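Worth saying up front: this structure is predicted, and the values here are computed from it rather than measured.
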Amino acid sequence: MPIHRVSGDPLLTRAPVLALGHNARGRIETTPLEHAVYRAFPAAYSMYAKQCRQQRITPGTGWLWRESRPMLLFLAVRDSNVGATRLRYVYAALLELARDYTRLRINALALPTLGSPSEWRDIQPIVEQLLGRSRLTVYLYATYQPGVQADEPDFPAFEPTRTRGDAP
């Protein structure tokens, strides 16, 4: 599926999942979007931090919080909240997502830019390479505009792929 570039507030997405680049220590990031998501879903951040403290989250992995709408997918792309976004962690987390989105029953996802603006030029080709080839519908929020609904094209209902043992 193509990657749809949109501008607006990812918290207002119609996609079932909002993915966020985060750190593997569970600490709050300093961006305006991160603070808005934290205020909207403090329980998700608390549970993510707990998973990090228990060392269940490692850099290059993702963790899905299903108890909200949209669901939150934390992508551990940094070691800490003050560290740089590592391309190897971005690649590993997005590869895991591209491989497992059907198992996770995700058909569409809102994705704000990962990393800082200077890091994004190196990260964007990885996003396009891994997610652009998948059947996952991706709304890439290039510009964060608080309170503005993005123009997201409609996406199809989730249809899991059949395996050999499935009945017709």
Nearest heavy-atom neighbours spanning [X] and [Y]:
| X | Y | answer |
| --- | --- | --- |
| Leu130 | Leu95 | CD1-N, 3.6 Å |
| Arg66 | Arg69 | O-NH1, 3.3 Å |
| Ala15 | Ala110 | CB-N, 3.9 Å |
| Gly147 | Asp9 | N-OD2, 2.9 Å |
| Glu96 | Gly62 | OE1-N, 2.9 Å |
| Leu64 | Val17 | CD1-CG1, 4.3 Å |

Group every Ile, Leu, Val, Met, Phe, Trp and Tyr by side-chain heavy-atom contacts under 4.5 Å, then state whether Leu87 and Leu75 land in the same group. yes

Evaluate the criterion side-chain contact (heavy atoms from CB on, under 4.5 Å) for residue pair Thr113 and Tyr144; output intermediate values, then yes/no. CA-CA 9 Å; Thr113 56; Tyr144 172 54; over 6 Å; no

With side-chain contact (heavy atoms from CB on, under 4.5 Å) as the test, would you mind laying out the steps for Tyr139 and Arg5 before giving the verdict? CA-CA 6 Å; Tyr139 300 110; Arg5 285 168 179 73; over 6 Å; no

Without hydrogens or angle criteria, can the side chains of [X] and [Y] be said to hold a donor-acceptor pair below 3.5 Å?
| X | Y | answer |
| --- | --- | --- |
| Glu34 | Tyr45 | yes |
| Ser7 | Gln145 | no |
| Tyr141 | Glu152 | yes |

Which distance, rounded to the nearest 0.5 Å, do you find between the [atom1] of [X] and the [atom2] of [Y]?
| X | Y | atom1 | atom2 | answer |
| --- | --- | --- | --- | --- |
| Thr85 | Leu114 | OG1 | CG | 7.5 Å |
| Glu128 | Leu94 | CD | CG | 11.5 Å |
| Ile3 | Arg133 | CD1 | CZ | 11.0 Å |

Beyond-backbone contact of [X] with [Y], side-chain heavy atoms, under 4.5 angstrom:
| X | Y | answer |
| --- | --- | --- |
| Leu20 | Pro112 | yes |
| Leu140 | Val6 | no |
| Pro70 | Leu109 | no |

If you draw a 6.0 Å radius around CD in Gln55, do more than 12 non-hydrogen atoms from other residues or ligands fall strictly inside? no

Do Glu29 and Arg78 meet the salt-bridge criterion of a basic N to acidic O distance under 4.0 Å? yes

Less than 6.0 Å separating the ring centroids of Trp63 and Tyr48? yes

